[in-house]
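Here is the structure we will look at, set down as structure tokens.
Counting convention: from 1, in listed order, for ligands and their atoms alike.
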Amino acid sequence: MTATLTVSVGAAHGRILSVAGYRPDRIVTNDELCERIDSSDEWIRERSGIIERRYAATDQSVADMAAIAAADALARAGIDPARVGMVLVASVTHPYPTPSAAAEVADRIGAVAAAAMDIAAACAGFCYGIEVANALIRTGSAEFVLVIGVEKLSDWINPDDRGTAFLFADGAGAVVLGPSDQPAIGPVVWGADGSQLDAITMTQSLIEYKNEGGPIFPALEMQGQQVFRWAVGEISKVAQQALDVAGITADDLDAFIPHQANMRITDAIVRALKLPEHVPVARDIAYTGNTSAASIPLAMQAMLDAGEIPHGGTALIIGFGAGLVFAAQVVTLP
Ligand code: UT7
């Protein structure tokens, strides 16, 4: 006889309740990086939109930054850490495959009842995490979920590689998701094109870590133009699809918060979407650099805290990167 199982039943909908960010103290200028690469402040600003970026301290880990952002996000949501059912850490720079950064962060913030796991979906990791969190809340597997995007890319870039050294940076952004009566997270549009695995890798060479005697990390290598062309061509379509499946148009948006890959990629997607002038666009890359999985929550937090976009407003978020992976959804802002 087949037994009838009891299954969990969740909330009607999930929503983002709060967002918080952590930016390391150390500001790194273009001029400082140009001591190691054949480039200039002018070229970097023009081709990427980056004016400066932040690097974590040598002894500051991915989990350190994630825990700060996560604790702040919980405080902003007014949620007791013990009520968190899952901690998801999206990162590609936690230095070892196991134990996970998520388990460490859960312990550090007092999420004693939480399951924990990492998500390796590169610059799309935060949007992947939002979809997983939403599903967990709707199926009753968790009431509250922490999604943290965090990177310490300064450990993994080759400071002598002028194709990547100026682009990537460090930081953490975290959101708390919980139950909602109203729809607040649109359907995800996501995927992965493994035929372009070689576009961004961490496997082809090793670099000596700058901290002498410290660990040796594989260097991040990127076919910049290949990624650029893919992002401008394919990701613009994904952005439009996310609006379509949510049943809204670009005119309905209060914010567009794409992964902060390159200011010119953002501009191209804005043009392709025919985004109306009144919709604020995240341009956090100028002072934060490309922080991969952390870039969307960092930009969201900055825009909300500056009063540039309304709490409770409607935002399109989209992440894309190594894999090549992508994910986009329309969300109600916390
Ligand atoms: O985070 C998610 C994944 N990553 C991305 O989305 C990044 C996507 N790619 C990019 O953002 C851009 O490809 C970069 C910003 C990385 C590079 O910009 P680009 O406009 O694609 O540069 P390019 O590689 O096409 O090079 C253009 C020129 C070349 O010179 P010639 O052949 O035209 O004379 C390069 O040698 O610029 C030269 N160049 C540089 N010059 C000064 C390349 N890198 C540099 C540099 N400084 N750092």
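Every side chain to side chain contact (heavy atoms under 4.5 Å, CB included) that Asn262 has, sequence neighbours left out, goes to Ser48, Phe228, Arg264, Ile265. In this structure, Asp244 has no salt bridge (Lys or Arg N to Asp or Glu O under 4.0 Å) partners at least two apart in sequence or on a different chain.
In this structure, atom 29 (C) of ligand 1 is not in close contact with the protein, since no protein heavy atom lies within 4.0 Å of it.
A donor-acceptor contact closer than 3.5 angstrom is absent between the side chains of Ser295 and Gln260. Counting only N and O atoms by type, the side chains of Asp64 and Gln60 include no donor and acceptor under 3.5 Å apart. When only modelled atom types and interatomic distance are considered, His13 and Asn134 share no side-chain donor-acceptor pair under 3.5 Å. Side-chain contact annotation: Ser195 with Asp193, donor-acceptor N/O pair under 3.5 Å present.
The nearest heavy-atom contact from the protein to atom 6 (O) of ligand 1 is Ala261 CB, 3.4 Å. Counting only heavy atoms of the protein, atom 47 (N) of ligand 1 lies nearest to Ser39 OG, 2.6 Å. Remark: minimum distance from atom 27 (C) of ligand 1 to any protein heavy atom is reached at Arg47 NH2, 3.7 Å. Among all non-hydrogen protein atoms, the one lying nearest atom 39 (N) of ligand 1 is Trp43 CZ2, 3.4 Å.
The distance from ligand 1 to the heavy atoms of His259 drops below 4.0 Å at these ligand atoms: 1 (O), 2 (C). Here is the list of ligand 1 atoms found below 4.0 Å of a heavy atom in Ile200: 3 (C). Distances below 4.0 Å separate heavy atoms of Phe320 from the following atoms of ligand 1: 2 (C). Those atoms of ligand 1 with a heavy atom of Cys123 less than 4.0 angstrom away are 1 (O), 2 (C).
In Ile265, the part holding a heavy atom less than 4.0 Å from any atom of ligand 1 is the side chain.
Using a 4.0 angstrom heavy-atom cutoff, Met222 counts as in contact with ligand 1. Taking a 4.0 Å cut-off on heavy atoms, Gly163 registers as neighbouring ligand 1. The closest approach between a heavy atom of Ala231 and any atom of ligand 1 is not below 4.0 Å. Taking a 4.0 Å cut-off on heavy atoms, Asp38 registers as neighbouring ligand 1.
In terms of modelled atom types and a separation under 3.5 Å, the side chain of Lys152 and the main chain of Thr58 share a donor-acceptor contact.
Below 3.5 Å of separation, one finds an N or O of Arg162 facing an N or O of ligand 1. Ligand 1 has a nitrogen or oxygen under 3.5 angstrom from a nitrogen or oxygen of Gly224.
Taking the six-membered ring where the residue is Trp, Phe326 and Trp230 present tilted rings, their angle falling between 30° and 60°.
Between the choices Val227, Ile37, Ile235, Asn262, the shortest heavy-atom distance to atom 14 (C) of ligand 1 belongs to Asn262. Here atom 25 (O) of ligand 1 lies nearest to Gln225 when heavy atoms of Gln225, Arg264, Met263, Glu42 are compared.
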Could you go through Asp72 and Arg76, starting from their C-alpha distance and side-chain angles, then the distance that decides it, and tell me whether this counts as salt bridge (Lys or Arg N to Asp or Glu O under 4.0 Å)? CA-CA 6 Å; Asp72 191 14; Arg76 287 178 183 227; 3.5 Å; yes
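Here the CD1-CG distance, from Ile79 to Leu146, works out to 10.0 Å after rounding to the nearest 0.5 Å.
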